[in-house]
Amino acid sequence: MKNYKQNADFLYLGKALLAWYGIYGRDLPFRKTKDPYKIWICEIIFQQTRIQQGLDHYNKFIERFPDVASLAAAETDEVLLYWKGLGYYSRALNLQKAAVQIMTEFGGVFPDNYNDILSLRGVGPYTAAAVSSICFGMHIPAVDGNFYRVLSRVFADDTDISHSSSFAYFSELALRLMPPGEAGTFNEAVMDLGSEICRPRNPLCDQCPLQKDCRAFQLGRTAEFPVKTKKTAVKELKLTYYFVRFGNEILIRRRAEDHIWKKLYEFPDEVPVNLLPVVMETNTVYHKLSHRNLSIDFVDVFPEKRTEFEALAQAGSYQIVTLEQSLLHSFPKPLENYIAAQVARP
DNA sequence: AAACCGGGGAT
DNA sequence: ATCCCAGGTTT
């Protein structure tokens, strides 16, 4: 811990945050409950995901899977279907594993302490801290990206958040601000401040309850915090698919588990040789994402190849589904968009 | 410690 | 085009 923070009492900062939160805190659906199941679901959904993006998924997920038992009993495919479009699909797979874990290891009762919650699949230090503080009042800071930003700015602290040890560092720092008995509310308050006021770029310092105490603001250096030296490496990924269509039916299959989009569905990545010759549309749909290039060629199978088409499903390499049925499977977003475009096509 | 895992919005 | 979001798991 840096010298300037030694023996300091920063409790008044936490209290100022709570006062601000009482007035300006966001009104979100999961703020109305302390059901650990619901808080857990929302913490997982909003990992690396903006509130706006995941809100609809949260509401529909809770409606379909209202408790641990219903999630544990569900088919994995249906859980993935409700996760469609959120990304980081292992979160959904882990979610269900953890639900089963709660049924078998905890007798169907959601664990009520940090260590037991941490033992759940897909639950790390942040999520365990969030659930145990919000639902069970445990005095633990839930240190996420918002904490890094808010705390590093308030103290003009140049500790590099790229380093793994910075989690413990900022956790200890957060403890100095956290009012006793208010851990859950305090954690939510920091998240809201980080999201709405102490934003990554163009922070609204004039509306910040901590402005007069903020070292970075006083120095005019808010843009310099948090310090993050590690740069996110952009890896290029090229994917080629064929949209093999026979009338209103297409070929799909489940992806393997060893790469992105694990257990989701996809199209063939080659034209099955048995179906040749085929009519292939010359203009390739080229989908550009941030670090991915995806091309999809449209393939129209000749009517006399019906037997060969069905043989692909008999052999187990592919499933044959109608365009409408395909939308009931969990596809990666770009493939889902492509199907939707084909359904809409005249 | 570093790589890997998505999709989307803001700038 | 780049950054980053209520991070966790694997190597």
Should A/R91 be listed as having a side-chain N or O under 4.0 Å from OP1 or OP2 of C/dA6?
no
What is the distance, to the nearest angstrom, from the CD1 atom on A/I117 to the P atom on C/dG7?
17 Å
I want to verify a distance call: between C/dG8, B/dC5, B/dG7, whose nearest atom is closest to the A/Y89 side chain?
B/dG7
Using the C1' atoms only, state how far B/dA1 lies from C/dC5, rounded to an integer number of Å.
23 Å
Would you measure the distance from the C1' atom in B/dG6 across to the matching atom in C/dC3 and give it in whole Å?
15 Å
In this structure, how many angstroms lie between the P atom of C/dT9 and the CG atom of A/L95, rounded?
12 Å
If you check the A/S164 side chain, which of B/dA1, B/dG7, C/dG7 turns out closest?
B/dA1
Between B/dT11 and C/dA6, how far apart are the C1' atoms? Round to whole Å, please.
22 Å
Do the charged groups of A/R31 and A/D192 touch, with an N to O distance under 4.0 Å?
yes
Begin with the C-alpha distance, continue with both residues' side-chain angles, and end with the deciding distance and a verdict on ring pair (Phe, Tyr, Trp, His ring centres under 6.0 Å) for A/Y37 and A/F110.
CA-CA 7 Å; A/Y37 171 77; A/F110 204 98; 7.4 Å; no
Check: A/Q53 side chain, B/dG7 base, donor-acceptor under 3.5 Å
yes
Which of B/dG6, C/dG8, C/dA6 is nearest the side chain of A/R31? It is C/dA6
Ring pair (Phe, Tyr, Trp, His ring centres under 6.0 Å) assessment of A/F243 paired with A/F267
CA-CA 6 Å; A/F243 192 75; A/F267 308 141; 5.1 Å; yes
Heavy atoms only, 4.0 Å cut-off, all strands: where does A/L86 land among base, sugar-phosphate and nothing?
base
A/D258 and A/K262 ion-paired at < 4.0 Å:
no
Would you say A/T127 reaches C/dG8's phosphate, i.e. side-chain N/O to OP1/OP2 under 4.0 Å?
yes
Can you tell which of C/dT10, B/dG6, C/dA6 lies closest to the side chain of A/F30?
C/dA6
Both A/K333 and A/R199 contact DNA chain B. Which one's nearest nucleotide lies toward the 5' end?
A/K333
